[in-house]
Amino acid sequence: MSTSSSPAFEPVSTQTDFIRQEHEILDFWKRSRAFEKLRQLRKGGPHWSFIDGPITANNPMGVHHAWGRSYKDLWHRFWAMRGYEARYQNGFDCQGLWVEVEVEKAKGFTSKREIEAYGLANFVLDCKARVLTYAARQTEQSIRLGYWMDWNDPDLLRELAERLKEDPQQTITIDGPMGPVTDSVEQIVGRLGLPELGGSYFTFSNENNYTIWTFLKKVWERGWLYKGTDVMPWCPRCATGISQHEIVTDGYRELTHEAVIVRFPLRGRDREALLVWTTTPWTLTSNVAAAVGADLDYVKVKAADGWTYYLAEATAPRVLKGKYEVVERLKGEAMVGWSYDGPFDELPRIHEMGVPEAHRVLPWEEVGEEEGTGIVHIAPGCGAEDFQLGKEHGLPAPAPLDDEGHYIDGFGWLTGRYVHDVAHDIFHNLEEKGILYRVDPYTHRYPVCWRCGTPLVFRLVDEWFISMGPTYDKPREELTEAEKEASLRYQIMDVVDEIKWIPEFGYDREMDWLRNMHDWMISKKRYWGLALPIWVCENPSCGHHEVIGDEHELRERAVEGWETFEGHTPHRPYVDAVKLRCPKCGGLMSRIPDVGNPWLDAGIVTYSTLQYRTNRAYWEQWFPADWISESFPGQFRNWFYSLITMSTVMERRPPTKIVQGYSTLWAEDGRPMHKSWGNAIWFDDAAEKMGVDTMRWLYLNQPLDQNLLFGYTRADETRRRFLIPLWNAYAFFVNYARIDGWLPPEPLRRHPSRREEGFPRLDAPWTAEAAPTELDRWIVARLKETIEAMTAGLESYVPVRVAQPAESFLDDLSNWYIRRSRRRFWSAKGEENAADKEAAYQTLYTVLTTFVKLLAPTIPFITEAIYQNLVRAVVPDAPESVHHCLWPEAAPLTEAERDLLEAMAAVRLAARLGHSVRAGHNLKVRQPLAKALIATDPRHRRELEQLLGLLADELNVKAVEFVEEEGDLVTYRLLPLNRVLGPKFGRRFPLVRKALAGLDAAEAVARLQAGEPLTLTLADGSEAVLSPEEVLVQSQPREGYGVAGEGGIVVALDTQLTPDLRQEGLAREVIRRVQALRKEADYELTDRIVVRLRVEGDLAEAVARFRDLIAAETLAEAVEEVAEPQGDRRLEEQIAGTPVVIAVERR
RNA sequence: GGGCCUGUAGCUCAGUCGGUUAGAGCACCGUGCUGAUAACGCGGGGGUCCGUGGUUCGAGUCCACGCAGGCCCA
C-alpha cells in the first residue's frame, strides 16, 4: 500500500502491531474489491466445488467455528491460486428447535401453550428475524477472520429483520447481482441465496424447503415413509420427541436419581413378594409386568421384616436389609407366569385398561443381575424395550403423560402433576401402601434434551419415519440387487464407498452408524421449521396420506385455503390452511401439524443451492462437491448422514468426493470450553488479542484427529515461532534493500495472476549480474522442496502436511540462510563483491515473494502486507493482491540440488558439533581458532569440501582440515548388525555380541577395512565368522580430545591460542561492545561513528593491531585512544580482566 | 454391556518392518551468539515408555489379561 510515487520499499518496523495491520488489510480488501476481482480473474477456470455445512445462525460464532472456517477459506484460496473457479457460497442453518428455544427464552415463554397464545405467525417471524440478526453477526465475524465468501451485506440482513417484524407484506426493492428485485419482505427473505439475490444460502428459503418436499415425495413413492407408533424419548419442556440422531449427540448427562425397590406382592401367597427395582419411579404407575431372566438363579429368602422375597441370588447381599435366610433356590423360569398385585392398581385408568388382570412374571433375555434385583419392572407405555416386550405378549400399554409431561386424566391424585416432581410423593404413597422396600441414590448416564437439558421421558407417540430398510445377516458383497433395492441402508453404504474420508477412520464411523441406525424419525411437534408436506385424510375411517412434491403440485391439488397461504413462505401457520381432496374417499385432507427434523434442511443443500429443480445443467456442473469439511463429532449421524442419505434417495450419487473432518476444540486446560468454568474464549476477543493470522496458523498446525487445545499461551507460542520470524526475515530484507536502493530486476518482477501470463520458474532465478553462492542455490533448492511439500499437503487436505514444511523452511531461511548471509548485505556499493551482493538480494527477494504466496491461503493478512510492499510498491503492474497471484510452481529438484541439500545437512551437523566442542571448552565463538579437524567417511568428506568456507566462517576458525588417521580423534565401537546377525545366530546371538565387544577395536577395524572377515571365539567354545558387511563400525569421539561426533562426522578443534589469535579475539570483544553501544544509542544501520577508547596492556596492543578491523566492522571513521572517552554512549567494564572504557559518537 | 482409539519427560506430542545409547517443542537451569528477530546455538536436569504375564537372541513397538482416559454404539 505504497503512497510514494517513485517505486521504493516502505520501511518496515520489527515492532509491528499485527492486529492493527489486519484491520488495515481488511479495509484495503474492501476498498479495492479484492474478492470480487479474484472471482472475475478466475471466471472460466476449471471448477472447484465446495458446499458449506451450514452454521446455525442462532448465536455469535465461536473459536471452534473459526477453526473450520479457516480451513474452508484456506482451500478456497489455494484452489483459486491454482486457477480454479469456485462458488464461494456460505450457508446458514435457520430452522428448528434451537432457534425456537432462543426465541422462547427471549420472550420469556416456558411452554408451547404460551407460544400458541402469542400466535404462530408472530412466533415464526421472530424466529426468522433472529436468524437474520445472527447471520449478520456471524458474517461480520467471518469477514474479520479473513474468510472470503459470497455473503450478504450484514446491514441488509439486519434491515430485513426489522422490516419483517414491522410488516412482512410491505414491498421492497433491493439490488441483486442481476439487477433490482422487487417483492414483499417475506418473499425477499424467502428468496435469499437464490441466483437473483446472491449471497449466503439460508435453509429457511423457499427453494430449500420445496426441494425437501421433492425428496420426501420420492421417499414416499418408494414406500419408505411411514407413520409409526412407538415409545420415543420425549422432552417434556419442548413437548416434542427427540430422534435417535439427536439423543446420541450431547444427549446424555451424568445424573443422580433416586432408585426405588418395591414389593410386588404375589397373589395367593401370604406376605410373599417380588422385589422390583426401577430408577424412574414415575413409570411405576403404569406397571404391567415383571420380567426375569429364565436362566438366572433366584432365591426365595425369609427376611427379618416378616416378608418372604424373591430376587436374583447375586443381588441379594446388596439389596436386602438386615438378616435373611435363604429358603429356596430356583431358576427364573420357575417364576414365569406368577401373578402379583401391581403398585397402582387402584388408579381408574389402570383398571379400565385391564392392567391388574395382566400382571404376571415374564421371561426376558435382557434381564441381568449387575444392577437392581434381577426382576425388572415392565411399563410398556413408558419404555422402548418395555413396549416391544409388551407387544410380544399382548399386554396393555398405559401411557400416563401428556405432551408436557403431566399425568393425564385417570391417574387419581397424580393427574395434572409434572413428571419430574412426583418421585417423593410416589415414595410416600408406596410407603403408605406398605410396599416400599428401599430408596437409594443412583448415578447413571441419563438422556437429556440436547437443547434445554431437561431429562427426557419416554412416551407412546405417533411419529413419521423414513425406513432405513432391513439389515441382512450376510456380507454386503453377497447382497442381491433386489435386496439392495429394498433397503435404503445398503444403497447409502454404496454411496459412502465412493467418498474419500479424511482422516480415514471417518469411513468406518459412518458405516458403523449406518449398520446400527434405526429408521429416521423426521417429525417434530413444533412450530418453526420445514412444513412436512404430508397431508392426511380427516375422515377417521379413511386416514389416507399423501406427500406433496412441490409448490406447483400444492397449488393444483389445493381445494381450500390457498388464498390464505398465497404470498407466504411455506411455513406454519399459513401453509396449514391448505386442504386437499382425498383421492380415496373424497374427504378433506389436512397437513399434519408437525415440522421436519432440521437435518433435512442441511442435508438437501447439494441440491437446493445448486438449482437442481430449476437449472439441471448448472447443477451438473457443480455437483458433487469436491470437498466438504466439518467437525467430526455428531456429523456422522447428522449432517454427513443426512447429506448422503438424501443424495442417495435423489440420485443415488455421492454428494461430495471428499469429506474432511476434524476433532473437537477444547480450552488449554484440556477441558471443554465452558462459560461457567471461566475457560471459554469468545471469537471476538481471540481475534483482537491474538490476531487471526495467529489463530489460523494455530489451526493449520493441528492434527485433524486430535482435539485442539486452544488458548492464549499456545497462540503466543505460534506467533513467536512462525509469524514473528517471518516478519523479521522480511524486515531484514527491506531495511537493507532500502539502504542499497535495491529493486528487483525484470525476471523477478513477474507475479502472474493468470496462467497465460506465464510462470516464473525457480530453476535459475538469477540474472547475469548476480553470482549466486552455494548458500543461494541451497535455499532455492529448499524452497523448491517446500513448494512441492506444501502443494502435496494441500492437495491431500491434511493441514499438518502444509504447516510442517513451511515451519521447517522458515527455520532454515531465518536461522541459516539469512544468518550466514548477513555480511553479504553489509558490503558497500560498487565493491568487487557486487555480484555476490546482487545474488544475495535476488535470492532473498525470490524466496520471500514466493514463500508469501505459499502462505497466503493460510495467513492472508501478513502475507498481503508483505506482498504489498515487496511487490506492489515496486512493481506497479503486478496483481493488486497476493491473493490474485497464481500458486508457485517449480520443476523437480535436480540431482545437483539434491546433493547440495545433503551437503548442507552435513555442514550444519559439523557446525553443531563444532559449537558443542567450543561450549565444552568454554571457548566463545568470538575467539578465532586456528583450525577445525574433521574425521569422516569419504561421502561426507566430499559433501563438506564443497562448503568448507561456510563451515570455517560459522565456527570462526582459520582452516578446516580433514584427518586421515582417525585414531587420534576417535575410538571405535564394533556392533553386530542385529537385523542380520540376530536371525543368523538365534540363541547364540548374545554370545556373539559379547565376543565382538571384547575384541581390540582398532585392530578389528583395520581387518574389516581390508575386507577380511572376523573370527570370534564364543564363550561356549564355538566359533563364529562375521563378514565385514555384518558388523557396524561406530566411531565415537575420543575422550579428552575436545571432540564431538554424531552421524559419522567427528569434529575436533585446535584449542591452542597463539598470541595473534588471542589479540584478534580481544579485538572482537571490543567490536562486540561497540555494536552494543550502537544499538543502545539507537543509531541507524548506516550511521557512521567515532569510537573512543581507553585501553591498556594486551588490549591496547590488540586495538592497535586490529584498528582497521574494528573500524570496518563498526562503521567507524576513526578509532581513537583517549584518556577520558566521551560520546553519545559510553561504557566502562573489564575485558579478560583488563579495564576498558569505550564511547561512541555519531558523525 | 459391545466396538474403536489412546496411555512415552512437568506440559503437548513423535517414535518406520521388533534391533544398537527412547526423541522433539514448550517450560526450567547454565552458557554462547546477536549491525533482522519477540529470536537463535550449545549444554544440563528431568523417563517404572500405564501394570502384569507371554512370544523372541532382542519388546516402547507383537500377543493375552488388567487399569485409566477418550470416542462411537447399546
Side-chain angles (χ1 to χ4, degrees), chain A residues 12-16 244 248-249 366 368 370-371 384-385 445 505 508-510 512-513 515-518 632-634 636-637 663-664 666 668-670 701-703 705-709 713-714 716-717 719-721 723-736 739 807 811 814-816 818-819 821-823 825-826 908 911-920 922-927 954 956 973-993 997 1032 1034 1036 1044 1071-1072 1074-1079 1083-1087 1089 1113-1115:
Chain A
V12 177
S13 164
T14 55
Q15 311 285 316
T16 293
Q244 181 199 8
V248 286
T249 317
E366 298 298 315
E370 294 79 24
E371 302 178 314
E385 294 88 358
R445 287 183 69 212
F505 68 76
D508 300 323
R509 287 277 178 85
E510 191 62 49
D512 190 50
W513 169 251
R515 273 190 296 272
N516 290 308
M517 79 158 296
H518 305 163
F632 266 148
F636 293 106
R637 53 193 170 271
S663 294
T664 308
W666 303 82
E668 247 167 4
D669 59 9
N701 212 347
Q702 169 68 28
D705 55 354
Q706 277 169 32
N707 290 337
L708 167 61
L709 304 186
T713 312
R714 190 149 167 214
D716 288 343
E717 194 187 314
R719 191 182 314 102
R720 218 170 27 174
R721 194 180 59 225
L723 295 183
I724 286 171
L726 173 67
W727 186 258
N728 283 317
Y730 153 69
F732 172 85
F733 169 83
V734 166
N735 293 333
Y736 280 98
I739 290 169
E807 294 210 339
D811 186 60
S814 174
N815 292 325
W816 192 250
I818 293 182
R819 190 162 68 76
S821 296
R822 275 184 302 205
R823 289 185 162 266
F825 293 90
W826 302 344
R908 295 188 69 181
R912 228 183 80 205
L913 296 170
H915 282 304
S916 169
V917 174
R918 275 188 174 272
N922 226 349
L923 287 166
K924 295 179 175 183
V925 180
R926 269 199 289 277
Q927 174 61 58
E954 172 69 13
N956 195 16
R973 211 171 142 208
L974 296 177
L975 292 168
L977 270 182
N978 296 328
R979 242 175 264 259
V980 180
L981 297 181
K984 180 169 165 186
F985 290 102
R987 203 167 288 281
R988 285 163 69 219
F989 183 61
L991 301 177
V992 174
R993 174 190 284 268
L1032 179 69
Q1034 211 175 52
Q1036 37 186 16
I1071 291 168
R1072 166 77 199 110
V1074 174
Q1075 304 291 28
L1077 289 173
R1078 282 188 65 111
K1079 192 162 195 170
Y1083 293 161
E1084 293 294 319
L1085 294 177
T1086 50
D1087 285 341
I1089 59 170
E1113 291 287 309
T1114 60
L1115 294 188

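Reckoned from all heavy atoms, side chains included, excluding hydrogens, waters and symmetry mates. Throughout, protein chains are lettered first and strands after them, A, B, ... in sequence-line order, and every chain is numbered starting at 1.
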(message) Does a side-chain N or O of A/R509 approach OP1 or OP2 of B/C71 to a distance below 4.0 Å, or not?
(response)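 Checking B/C71 against A/R509, no side-chain N or O comes under 4.0 Å of OP1 or OP2.
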
Sequence neighbours left out, what passes side chain to side chain donor-acceptor pair (under 3.5 Å) with [X]? Give chain and number order.
X: A/K924; value: none
X: A/S13; value: none
X: A/R515; value: none
X: A/E1113; value: A/R823

Using the test salt bridge (charged side-chain N to carboxylate O under 4.0 Å, His left out), find all partners of [X] that sit at least two apart in sequence or belong to another chain.
X: A/R908; answer: A/D812
X: A/R819; answer: A/E954
X: A/D508; answer: none
X: A/D811; answer: none

Tabulated below should be each protein N or O lying under 3.5 Å from an N or O of nucleotides 23-27 of chain B; please produce it.
none

Say you pick atom [atom1] in [N] and the same atom in [M]; how far apart are they, in whole Å?
N: B/G47; M: B/A9; atom1: C1'; value: 6 Å
N: B/U8; M: B/G3; atom1: P; value: 24 Å
N: B/C63; M: B/U16; atom1: P; value: 14 Å
N: B/G60; M: B/G1; atom1: P; value: 33 Å
N: B/G23; M: B/U61; atom1: C1'; value: 15 Å
N: B/U31; M: B/C50; atom1: P; value: 36 Å
N: B/C5; M: B/C42; atom1: C1'; value: 40 Å

Grab the [atom1]-[atom2] distance between [X] and [N] for me, whole Å please.
X: A/Y730; N: B/A38; atom1: OH; atom2: C1'; answer: 18 Å
X: A/E510; N: B/C73; atom1: CD; atom2: C1'; answer: 14 Å
X: A/E807; N: B/C13; atom1: CD; atom2: C1'; answer: 14 Å
X: A/F985; N: B/U20; atom1: CZ; atom2: P; answer: 19 Å
X: A/D508; N: B/G2; atom1: CG; atom2: P; answer: 20 Å
X: A/D811; N: B/U37; atom1: CG; atom2: P; answer: 17 Å
X: A/W816; N: B/U37; atom1: CH2; atom2: C1'; answer: 18 Å
X: A/D512; N: B/C4; atom1: CG; atom2: P; answer: 10 Å

(request) Using a strict 4.0 Å threshold on nitrogen-to-oxygen distance, state whether A/R509 and A/D512 make a salt bridge. (result)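 The answer is no: the pair does not qualify as a salt bridge.
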
(message) Can you list everything that forms a ring-ring contact (aromatic ring centres under 6.0 Å, His included) with A/Y730? Sequence neighbours excluded, please.
(response) A/W727

When you compare the side chain of [Y] with that of [X], does any pair of heavy atoms fall below 4.5 Å?
X: A/Y736; Y: A/L1085; answer: yes
X: A/L1115; Y: A/E1084; answer: no
X: A/N956; Y: A/Q927; answer: no

(request) With RNA chain B as reference, determine whether A/P990 or A/Q15 sits nearer its 5' end, using the nearest nucleotide of each. (result)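 So the residue in question is A/Q15.
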
(request) Would you kindly compare A/E385 and A/G982 by the position of their nearest RNA chain B nucleotide and give the one closer to the 5′ end? (result) A/G982

(request) Remember a base hit wins even if backbone is also touched, and classify A/L977 as base, sugar-phosphate or nothing at under 4.0 Å, heavy atoms. (result) base

(request) Let me have a per-nucleotide readout for nucleotides 31-36 of chain B, 5' to 3', with B, S or -, counting only protein heavy atoms under 4.0 Å. (result) -SSBBB

(message) For a quick check, with a 4.0 angstrom heavy-atom cut-off, what is the B/S/- contact string for nucleotides 58-63 of chain B, read 5' to 3'?
(response) ------

Using purine N1 to pyrimidine N3 plus N6-O4 or O6-N4 for Watson-Crick, or N1-O2 and O6-N3 for G-U wobble, both under 3.5 Å, which nucleotide pairs with [N]?
N: B/U16; result: none
N: B/U56; result: none
N: B/C71; result: B/G3
N: B/G51; result: B/C65

(request) Counting heavy atoms from C-beta on, name the nucleotide in B/G19, B/C73, B/C57 closest to the side chain of A/R987. (result) B/C57

